[in-house]
There are 2 protein chains.
Amino acid sequence: MKLAEAKAQFIQTWGSLATQWGINKTMAQIHALLLITPNPLSQDDLMEELSISRGNANMNIRELIDWGLVDRVIIPGERKEFFLAEKDIWKVARQIVKERKKRELEPLNKVLEQLQDVEGDKRNAEVKAFTETIGNIRKFTGQADKSLDTLIRADENWFWGSLIKMIK
Amino acid sequence: MKLAEAKAQFIQTWGSLATQWGINKTMAQIHALLLITPNPLSQDDLMEELSISRGNANMNIRELIDWGLVDRVIIPGERKEFFLAEKDIWKVARQIVKERKKRELEPLNKVLEQLQDVEGDKRNAEVKAFTETIGNIRKFTGQADKSLDTLIRADENWFWGSLIKMIK
DNA sequence: CGATAGTTTCAATAACTATTGAAAGCTTAG
DNA sequence: CTAAGCTTTCAATAGTTATTGAAACTATCG
């Protein structure tokens, strides 16, 4: 397979995978392109390679920076801004976990906490089923919360190493 | 908080969380309602409680069954079909991981494998960066694949227990 | 075998989300 | 200061995905 073809396929695969995870396709494609490009790219480079508009490029670059996956780079002598992605996939994964945890798991935990105490007779089957389910979900999300914190702080070798040892 | 209100909030929270993960809102809401309901519900019950159409209900119930999260239940003397959700959240989570792994991670691994060998000079910076990134992603997804398999097979206490011991 | 209760399908439509592109806003160099 | 180069915003529009509802289908009962 030729490089250009392989690049295109990677960008497109990454983009469609992202949509299945509630992530904007363009955002994933920009990220994919930056991941496989050794040097920083300008907004115009991204627009051209991916055939996207200025506004779209701008918005999604900003989002990627906000997620901590891409950095702005200044190249001396150039007026334009350039962009560079973190290449260490383990760091990328941890960063994504960290952000999604903050944006989703933590708010969910707050809601569940409020739902834990409903008024009503505890002997009523409906009330009982509700509080029980919410309680179990809370237990689960609470454990997930702690474990993800550890994972976020973890060093690659330590984490996979321990997990693999634990598995055997 | 009153039960009815709490139920409604849980259903709506679960539904909007789902959309952030590429899961259909109605599917998540039906699942949420079945999770907090002790007895099996009919399609008509679901349609009424969630104010959704027959077609929508039918389609998403089928999808939930397909994901292994909901079971069809026959109640003697009743002509209708009833539906019941698995209440053990740990089992639910494992089932979701199992399905997403099968539907997404495994196909991704196949694509990455093909992308691994591109033609061209290995000393070329572009070729080098590409093969290196793809290689790293493969290493990562390969490890994730194995670890998820273990997690899927794992028993709750064993898994969290070991993870917590490992963390400390 | 109808008649009836229940289920499934699917084309039309609605709702939602992403994308464009032109205009406004900055920033820097001269 | 102001013109040129570059970035950001946002209302309009396109594209995508979800939902409806009526018709077709299937199973069950007397």
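Convention: sequence-line order gives letters A, B, ...; per-chain numbering from 1.
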Starting at atom [atom1] of [X], determine the distance to atom [atom2] of [N], rounded to an integer number of angstrom.
| X | N | atom1 | atom2 | answer |
| --- | --- | --- | --- | --- |
| A:Ile61 | D:dC6 | CD1 | C1' | 12 Å |
| B:Glu81 | C:dT7 | CD | P | 5 Å |
| B:Lys80 | C:dT4 | NZ | P | 18 Å |
| B:Glu63 | C:dT8 | CD | C1' | 15 Å |

Taking distance alone, no hydrogens or angles, what donor-acceptor pairs closer than 3.5 Å link side-chain atoms of residues 57-70 of chain A to residues at least two apart or in another chain?
| residue | atom | partner | partner atom | Å |
| --- | --- | --- | --- | --- |
| A:Asn58 | ND2 | A:Gln43 | OE1 | 3.3 |
| A:Asn60 | ND2 | A:Asn56 | O | 3.0 |
| A:Asn60 | ND2 | A:Asn56 | OD1 | 2.8 |

(request) Would you indicate, yes or no, if C:dT7 has its OP1 or OP2 atom less than 4.0 angstrom from a side-chain nitrogen or oxygen of B:Asn58? (result) no
(message) Once ring-ring contact (aromatic ring centres under 6.0 Å, His included) is applied, do any residues pair with A:Phe10, and if so which ones, sequence neighbours excluded?
(response) A:Trp14
Under the rule for side chain to side chain donor-acceptor pair (under 3.5 Å), what residues qualify as partners of [X], not counting sequence neighbours?
| X | value |
| --- | --- |
| B:Glu99 | B:Arg103 |
| B:Ser42 | B:Asp45 |
| B:Glu78 | none |
| B:Lys7 | A:Glu126 |

(request) Could you pull out all residues at least two apart from B:Glu104 that satisfy salt bridge (charged side-chain N to carboxylate O under 4.0 Å, His left out)? (result) B:Arg100
(message) Each nucleotide in nucleotides 14-28 of chain C should get exactly one letter: B, S or -. Can you fill that in based on protein heavy atoms under 4.0 Å?
(response) ----SSBB-----BB
(request) Would you jot down, in residue-number order, the residues of residues 30-48 of chain B having a non-hydrogen atom under 4.0 Å from DNA chain D? (result) none
(request) Verify the neighbour count for atom CD of A:Glu48: are there more than 12 heavy atoms of other residues, nucleotides or ligands below 6.0 Å? (result) no
